[in-house]
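Notes for the one structure printed next.
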Amino acid sequence: MGDLAALFSQHEICPNILEQPPREKLNLVWDGIKVEPGMTLQVRNLKNAPRFNLNVDPESTFTMLMIDPDNLSRKNPSVSEWLHWLVCNIPASNVLEGINGGQHQMAYGSPGPGPRTGLHRYIILMWEHQGRRVAEPKPSTRAKFSVKKFVEKHKLGQPIAGNFFFAQNETQ
């Protein structure tokens with residue numbers, strides 16, 4: 001699927017949503033489908049949280065999130081960045097083994113783009129924060145989350161891994 005940084009730039013994820021692209025691709029599997037950056041998935045395959053894994057430092061801790069920057073639509077992103085999932089302080093063993101664990105600050109909310117809103121980008125990012133924990137209160141809403149503010153608040157820097165895909169309502 002090409003260079004990850006180039007794809008994040010081509011699809012206006014960097015620098016609009018994220019200052020720097022992830023260093024490597026986050027391995028994601030949704031409903032048996034291995035996700036490659038920029039592919040299109042059917043909403044029906046996204047009902048449950050994905051399996052994810054990455055080869056990481058076994059002594060580290062991680063935070064992962066998933067957003068939709070195109071909610072309500074790409075032309076009218078009035079409630080973007082919509083927070084679909086936020087998991088903080090994930091132990092390395094969970095990342096290495098593909099276990100969905102850590103502090104779920106926002107439970108997984110499956111994508112559900114509205115009819116006639118076109119393709120939505122769904123972005124999944126992971127940061128390493130070795131030797132410290134992220135203390136993030138549970139967000140009161142999914143609407144208008146800001147990846148840039150989250151990264152700045154917790155001094156996370158460049159994500160170690162990420163991936164993204166497209167999905168749309170079947171009624172277009």
Side-chain angles (χ1 to χ4, degrees), residues 1-54 62-88 90 100 102 104-127 136 138-152 156 158-172:
M1 275 288 194
D3 177 69
L4 191 63
L7 287 167
F8 267 67
S9 177
Q10 175 188 338
H11 293 286
E12 301 175 342
I13 299 166
C14 292
N16 297 356
I17 296 151
L18 192 63
E19 292 296 332
Q20 300 174 353
R23 289 186 215 133
E24 60 183 288
K25 182 181 85 171
L26 180 61
N27 300 312
L28 295 168
V29 177
W30 247 289
D31 200 25
I33 302 165
K34 186 176 177 184
V35 179
E36 292 298 330
M39 72 187 292
T40 299
L41 297 173
Q42 298 296 316
V43 172
R44 67 178 169 267
N45 297 117
L46 304 170
K47 291 188 184 340
N48 300 309
R51 302 281 296 175
F52 64 90
N53 76 322
L54 191 64
F62 304 86
T63 288
M64 183 175 65
L65 62 77
M66 176 178 158
I67 61 155
D68 172 1
D70 304 322
N71 198 352
L72 294 170
S73 70
R74 187 109 184 230
K75 289 180 183 172
N76 178 24
S78 59
V79 291
S80 78
E81 301 162 9
W82 189 264
L83 182 61
H84 280 274
W85 200 19
L86 175 59
V87 187
C88 297
I90 305 167
N100 186 350
H104 287 254
Q105 301 305 89
M106 183 61 76
Y108 176 76
S110 61
R116 297 175 301 284
T117 61
L119 284 172
H120 288 235
R121 296 168 292 172
Y122 293 91
I123 305 161
I124 301 94
L125 301 165
M126 181 180 283
W127 289 267
E136 176 70 14
K138 292 187 182 216
S140 59
T141 178
R142 292 181 186 272
K144 298 186 179 183
F145 184 83
S146 170
V147 171
K148 284 182 180 178
K149 287 180 183 173
F150 181 80
V151 168
E152 185 178 304
L156 294 173
Q158 181 179 16
I160 63 159
N163 206 329
F164 73 98
F165 63 92
F166 294 95
Q168 68 183 2
N169 187 292
E170 292 177 21
T171 309
Q172 289 300 322

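Every heavy atom of this structure was used, including side-chain atoms; hydrogens, water molecules and symmetry mates were not. This one's a predicted model, so the numbers in the text were calculated from it and none came from an experiment.
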Exercise. With a 4.5 Å heavy-atom cut-off, do Met39 and Ile33 have their side chains touching?
Worked result: yes
Exercise. What's the spacing between Ile67 CD1 and Phe164 CZ if we round to 0.5 Å?
Worked result: 12.0 Å
Problem set entry | Which atom of Lys138 lies closest to which atom of His104, heavy atoms considered | NZ-O, 3.5 Å
Exercise. With sequence neighbours excluded, what pairs up with Glu12 under the salt bridge (charged side-chain N to carboxylate O under 4.0 Å, His left out) test?
Worked result: Arg74
Problem set entry | Derivation of the side-chain contact (heavy atoms from CB on, under 4.5 Å) call for Leu26 and Met64 | CA-CA 10 Å; Leu26 180 61; Met64 183 175 65; 3.9 Å; yes
Problem set entry | Within-4.5 Å side-chain heavy-atom neighbours: Asn27 and Asn163 | no
For this session: Decide if atom CG of Asn76 counts as having more than 12 heavy atoms of other residues, nucleotides or ligands within a radius under 6.0 Å.
Result: yes
For this session: Determine, stepwise, if the pair Ile17 / Arg121 fulfils side-chain contact (heavy atoms from CB on, under 4.5 Å).
Result: CA-CA 11 Å; Ile17 296 151; Arg121 296 168 292 172; 4.1 Å; yes
For this session: Apply ring-ring contact (aromatic ring centres under 6.0 Å, His included) to Phe145 and list each qualifying residue two or more places apart in sequence or on a separate chain.
Result: Phe150
For this session: Test Leu72 against Val79 for side-chain contact (heavy atoms from CB on, under 4.5 Å), laying out the working first.
Result: CA-CA 6 Å; Leu72 294 170; Val79 291; 4.3 Å; yes
For this session: Would you confirm whether Glu81, through its side chain, and Val147, through its main-chain N or O, come within 3.5 Å as a donor-acceptor pair?
Result: yes
Problem set entry | Gln10 CD: over 12 foreign heavy atoms closer than 6.0 Å | yes
Problem set entry | Verdict with supporting geometry, Phe62 and Leu54, side-chain contact (heavy atoms from CB on, under 4.5 Å) | CA-CA 11 Å; Phe62 304 86; Leu54 191 64; 5.9 Å; no
Problem set entry | Within 6.0 Å of NZ in Lys144, more than 12 heavy atoms from elsewhere | no
Exercise. Is the shortest heavy-atom distance from the side chain of Leu46 to the side chain of Phe165 under 4.5 Å?
Worked result: yes
Exercise. Relative to each other, are the rings of Tyr122 and His120 parallel, tilted or perpendicular (30° and 60° limits)?
Worked result: parallel
Problem set entry | Ala161 to Pro22 - nearest heavy-atom pair and separation | C-CB, 3.4 Å
Problem set entry | Side-chain heavy atoms of Val43 within contact of Pro113, under 4.5 Å | yes
Seminar exercise, completed: So CE of Met126 and CG of Leu65: to nearest 0.5 Å the spacing works out to 10.0 Å
For this session: Supply the atom-to-atom distance Leu28 CG to Glu36 CD, rounded to the nearest 0.5 angstrom.
Result: 10.0 Å
Problem set entry | Flag side-chain contact, heavy atom, 4.5 Å: Pro69 against Ile123 | yes
Exercise. Which heavy atom in Ile90 sits nearest to a heavy atom in Val87, and how many Å separate them?
Worked result: CG1-CG1, 3.5 Å
Exercise. What is the minimum heavy-atom distance between Pro37 and Leu4, and which atoms define it?
Worked result: CG-CD1, 3.7 Å
Exercise. To the nearest 0.5 Å, how far apart are CG in Leu18 and CD in Gln158?
Worked result: 8.0 Å
Exercise. Is Pro50 close to Trp85 at the side-chain level, that is, under 4.5 Å between some pair of heavy atoms?
Worked result: yes
Exercise. In terms of ring plane angle, is the pair Tyr108 and Trp30 parallel, tilted or perpendicular, where the classes change at 30° and 60°?
Worked result: tilted
Exercise. So how far is it from Arg116 CZ to Asn169 CG, rounded to the nearest 0.5 Å?
Worked result: 8.5 Å
Problem set entry | For the student: nearest non-hydrogen atoms of Cys88 and Glu136, plus distance | SG-CB, 4.1 Å
For this session: Would you check if Pro111 and Met66 make a side-chain contact, meaning some heavy-atom pair closer than 4.5 Å?
Result: yes
Problem set entry | Non-hydrogen atoms of Lys148 and Pro15 that approach each other most closely | NZ-O, 2.7 Å
For this session: Any chance you could measure Gln168, atom CD, to Leu119, atom CG, to the nearest 0.5 Å?
Result: 4.5 Å
